[in-house]
Amino acid sequence: MNIFKHYEAVVRAILADLTAAGKLPEGLDTGKLTVEPPRDASHGDLSTNAAMVLGKQARMAPKALAELIAEALRARGEVTAVEVAGPGFINLRLSPDVWRAGVADILRVGTTFGDSDLGQGRKVNVEYVSANPTGPLHAAHGRGAVFGDALASLLKKAGFDVTREYYINDAGAQVEVLARSAMLRYREALGEKIGEIPAGLYPGEYLSDVGAALAARDGDRWLRIDETEALAAIRDFAISDIMETIRDDLLALGVDIEVFTSERALVASGAVDAALRTLEERGLIYVGVLEPPKGKKPDDWEPRPQTLFAATKFGDDVDRPLKKSDGSNTYFANDIAYHLDKYRRGFAEQIDVWGADHGGYIKRMQAAVKAVSDGAAELDVKICQLVHLMQNGEPVKMSKRAGTFVTLRDVIEEVGKDVVRFIMLTRRNDQTLDFDFAKVTEQSKDNPVFYVQYAHARCRSVLRHAAARLEGVDLASVDLSPLTGEEEMNLIRRMATWPRLVEAAAEAHEPHRVAFFLGDLAADFHALWNRGKDDATLRFIVEDQPALTVARLALVQAAALTLASGLQVLGVEPAEELRA
RNA sequence: GGACCCGUAGCUCAGCUGGAUAGAGCGCUGCCCUCCGAAGGCAGAGGCCGAUGGUUCGAAUCCAUUCGGGUCCGCCA
């Protein structure tokens, strides 16, 4: 249960009563009304801005209105104190029993704690990674992969019907380059001397494997037929081989994407032409000449008439080309068809996760989605900023030309998938992130993964120690009234904010908030733990006090479950124990 | 020239979509292990939230202007 939501409903009910009694005018806009934990805990347990939001509308002084609401709140038994503070905040304190009931609640629902019906089962499509199928994933892809995956889990927890999707760009010029590069390696595998890889082709070693696999399967048959035909076959072989590698790499990262959509198949189905017709019918396509980009005129610029989409009607800065000067479709045209396809599959809410270099593409894509769905579909684009790989504070040198880029697979094997996942989420998506191999595996509190895992492991350790006492005890129904300590209540209150955080993070599409929450929760637990260092009566297990001990163990169990619930969203396995 | 993102403690970053006295980690100072894992915890110092205007009961948060840093900029993908 979400205690803040609950009291928001209570406040709304009070307002309705006041309106019915004629003390408030009808039709007040309560859209901005909130019930939140106050920033400063000394102000109370909950705080509402109701009086300040409504004061002006109701033509009442906020403080006077606050008193009216406060009076009604005081009448409730479980509310132990209500005060009006500052410009009109209403602060309330709740009986400890209310908070303790939250603990019992967690124990009943387990790691589903925090689940919400916010999404009402609405369909959402999260498209992420979508790396070109021309080589294995590199380290930077990992961020988008983790971000998209955690966002999908978060939305699912918040009650959305989520589909994870990957768009395979297998229709552009880059896969033709791939075909020729693979062809070369294929001939090499058949014994030919190929020498230097010519400029313009992909030099990566992984293509040797592709060539060898093809040679092993088909012998030299592709050298004996028409080259165009052979290249098409080799292209398809290479793509499916590389996609298999990509899928494996993603699985190693715990990323399991359900839907893979092929651009080539989409084009072949006629979807692009259909999408363009849709725009045509709406009068959003015309032939025109674009201005050169200011201040950065390409050398070979010459004005050309092109088929353009009227993106400016939907908030973009300029209209965007749909067809190249040779008459073929642009990538943008294919992308429009793809997003229309998603919409037709029932996704009125779409999220794309892109790399930092695609920032300039957002507006036109959003414009296109609006246009093609007649305003019914909404596209949110999340940009993941760069990841700087470091080793002890020194940047890891990478060079595409020398082929010395770090693959995602390398990173996972070096530090483990849980570390990769957690660290990738310790920064907001639009902030660049340093990933230091030395730091992320360090076992100390500067390492957030470790810090959170350590808290969970400590919980499990306590419960293991107490296993004998817990035989036949149902923690969910034990008497929790012995839980009275300050650190205990802090921990309990922190856990109670989890359902609220899930909703806020899901609405904002910001999974990193979960990682920060877990850090805070872990800190509360470590603080509580250390109280037992100073004062033996504050330990979890107190020899001659079974009732107290069992209550505290219930709290420990609830903390472990809350940590696990959050880690589950991040796709990180909660640790049972940590070893040096 | 334009678009988008970022400017918050010495450093790395949060800041709950506008709330009360702006937070955390590192680093610095000083404490806490005969005791469930000190791989932790407690306390202290450290701030004109880049700058200037505006919006309102109230601004780090929203708007405008401006200064720094990053990403990108016909038909590439």
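Order of the sequence lines sets the chain letters (A, B, ...), proteins ahead of strands, with each chain counted from 1.
Minimum heavy-atom separation, A:Asn91 to A:Ala85: ND2-CB, 3.6 Å. Scanning both residues, A:Val569 and A:Lys157, for their nearest heavy atoms gives CG2-CD, 3.5 Å.
The phosphate of B:A38 has OP1 or OP2 within less than 4.0 Å of a side-chain N or O from A:Trp529. Taking only side-chain nitrogens and oxygens, A:Arg428 comes nearer than 4.0 Å to OP1 or OP2 of B:C6. Under 4.0 angstrom from either OP1 or OP2 of B:A77 there lies no side-chain N or O belonging to A:Tyr167. Note on A:Gln431: every side-chain N or O is 4.0 Å or more away from OP1 and OP2 of B:U12. Contact between the side-chain N/O atoms of A:Lys56 and the OP1/OP2 oxygens of B:U56 is not found at any separation under 4.0 Å.
For B:C32, the O4'-C1' to base torsion is more than 90° from 0; the nucleotide is therefore anti. Its glycosidic angle being within 90° of 0, B:U17 falls on the syn side.
Annotation: B:A22 and B:A59 have their C1' atoms spaced 12 Å apart (nearest Å). Atom name P, nucleotides B:C48 and B:G10: the rounded distance is 8 Å, in whole Å. Taking the P atoms as reference points, B:C62 lies 10 Å from B:G7, given to the whole Å. B:U52 and B:C57: their C1' atoms are spaced 24 Å apart (whole Å). Rounded to whole Å, the separation between the C1' atoms of B:U8 and B:G50 comes to 10 Å. Remark: the separation of the P atoms in B:U12 and B:A77 is 39 Å, to the nearest Å. Distance check on atom C1': B:G18 versus B:A60 gives 11 Å, rounded to whole Å. Nucleotides B:G46 and B:G27 place their C1' atoms 11 Å apart, quoted to the nearest Å.
Remark: ring of A:His526 does not overlap the six-membered base ring of B:G40 in a stacked fashion, as centroids less than 5.5 Å apart with planes less than 30° apart are not both met. Put simply, A:Phe516 does not rest on the base of B:A14: the two rings are not both less than 5.5 Å apart at their centres and under 30° in tilt.
Backbone-only contact: A:His512 has heavy atoms under 4.0 Å from sugar-phosphate atoms and none from a base. As judged by a 4.0 angstrom heavy-atom cut-off over every strand, A:Ala85 is placed among the base-contacting residues. Looking at heavy-atom distances under 4.0 Å, A:Arg304 makes contact with a base. At a threshold of 4.0 angstrom between heavy atoms, the contacts of A:Pro87 include nucleobase atoms, whether or not backbone atoms are also involved. Across all strands shown, A:Phe450 has heavy atoms under 4.0 Å from base atoms, whether or not it also approaches the sugar-phosphate. When heavy atoms are screened at a 4.0 angstrom cut-off, A:Ser325 is found touching base atoms of the nucleic acid. Among the protein residues, A:Arg39 comes within range of the nucleic acid bases, having at least one heavy atom under 4.0 Å from a base atom. Contacts of A:Thr432 with the nucleic acid, taken as non-hydrogen atoms under 4.0 Å apart, involve only primed sugar atoms and P, OP1 or OP2. Contacts of A:Pro303 with the nucleic acid, taken as non-hydrogen atoms under 4.0 Å apart, include base atoms. Residue A:Phe540 is classed as a base contact, given a heavy-atom separation below 4.0 Å to a base.
Near RNA chain B, defined here as any heavy-atom distance below 4.0 Å, the residues from residues 489-511 of chain A are A:Arg500, A:Ala504, A:Ala508, listed numerically.
Along RNA chain B, the nucleotide nearest to A:His358 and the one nearest to A:Arg464 differ in position, and the one closer to the 5' end is contacted by A:Arg464. Of the two residues contacting RNA chain B, namely A:Asn429 and A:Ser328, the nearest-nucleotide position lying further toward the 5' end is that of A:Asn429.
Annotation: side chain of A:Ile362 is in contact with side chain of A:Trp354 (closest heavy-atom distance under 4.5 Å). Inter-residue side-chain proximity for A:Phe332 and A:Met365 is flagged as met; some heavy-atom pair is nearer than 4.5 Å. Residues A:Lys439 and A:Met390 have side chains not in contact (no heavy-atom distance under 4.5 Å, counting atoms from C-beta outward).
In this entry B:A3 has B:U71 as its Watson-Crick or G-U wobble partner, both defining distances falling under 3.5 Å. Both distances falling under 3.5 Å, in either a Watson-Crick or a G-U wobble arrangement, place B:A51 opposite B:U65. Under the Watson-Crick and G-U wobble criteria, each requiring two contacts below 3.5 Å, nucleotide B:A43 is paired to B:U29. B:C16 is unpaired under the criterion used here, namely a Watson-Crick or G-U wobble arrangement in which both key atom distances are under 3.5 Å. Under the Watson-Crick and G-U wobble criteria, each requiring two contacts below 3.5 Å, nucleotide B:C36 is left unpaired.
The aromatic rings of A:Tyr167 and A:Tyr338 sit parallel to each other, their planes meeting at less than 30°, with 60° as the upper class boundary.
Counting heavy-atom neighbours within 6.0 Å of A:Glu36 CD, excluding the residue itself, gives a total above 12.
Donor-acceptor pairing under 3.5 Å, judged by distance alone, is present between the side chain of A:Asn91 and the base of B:A20. Residue side chain A:Ser47 reaches the base of B:A20 through a donor-acceptor N/O pair under 3.5 Å, judged by distance alone. No donor-acceptor contact under 3.5 Å links the side chain of A:Asp317 to the base of B:G2.
A cation-pi contact links A:Arg500 to A:Phe4, judged by a cut-off of 6.0 Å to the six-membered ring centre and 45° from its axis.
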* List the steps and the verdict of side chain to side chain donor-acceptor pair (under 3.5 Å) for A:Ser116 and A:Glu503. => CA-CA 7 Å; A:Ser116 159; A:Glu503 293 191 352; 2.7 Å; yes
* Run the salt bridge (charged side-chain N to carboxylate O under 4.0 Å, His left out) check on A:Glu486 and A:Arg493 step by step: do they pass? -> CA-CA 11 Å; A:Glu486 193 188 332; A:Arg493 277 190 287 260; over 6 Å; no
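With B:G18, B:C13, B:U71 as the candidates, the nucleotide lying closest to the side chain of A:Lys32 is B:G18. In this structure, of B:C57, B:C36, B:A38, it is B:C36 that holds the atom nearest to the side chain of A:Ile541. Candidate nucleotides B:C4, B:U71, B:U17 were compared by shortest atom distance to the side chain of A:Lys363, and B:C4 ranks first.
Side-chain contact of A:Asp352 with A:His358: a donor-acceptor pair under 3.5 Å is absent, judged by distance alone.
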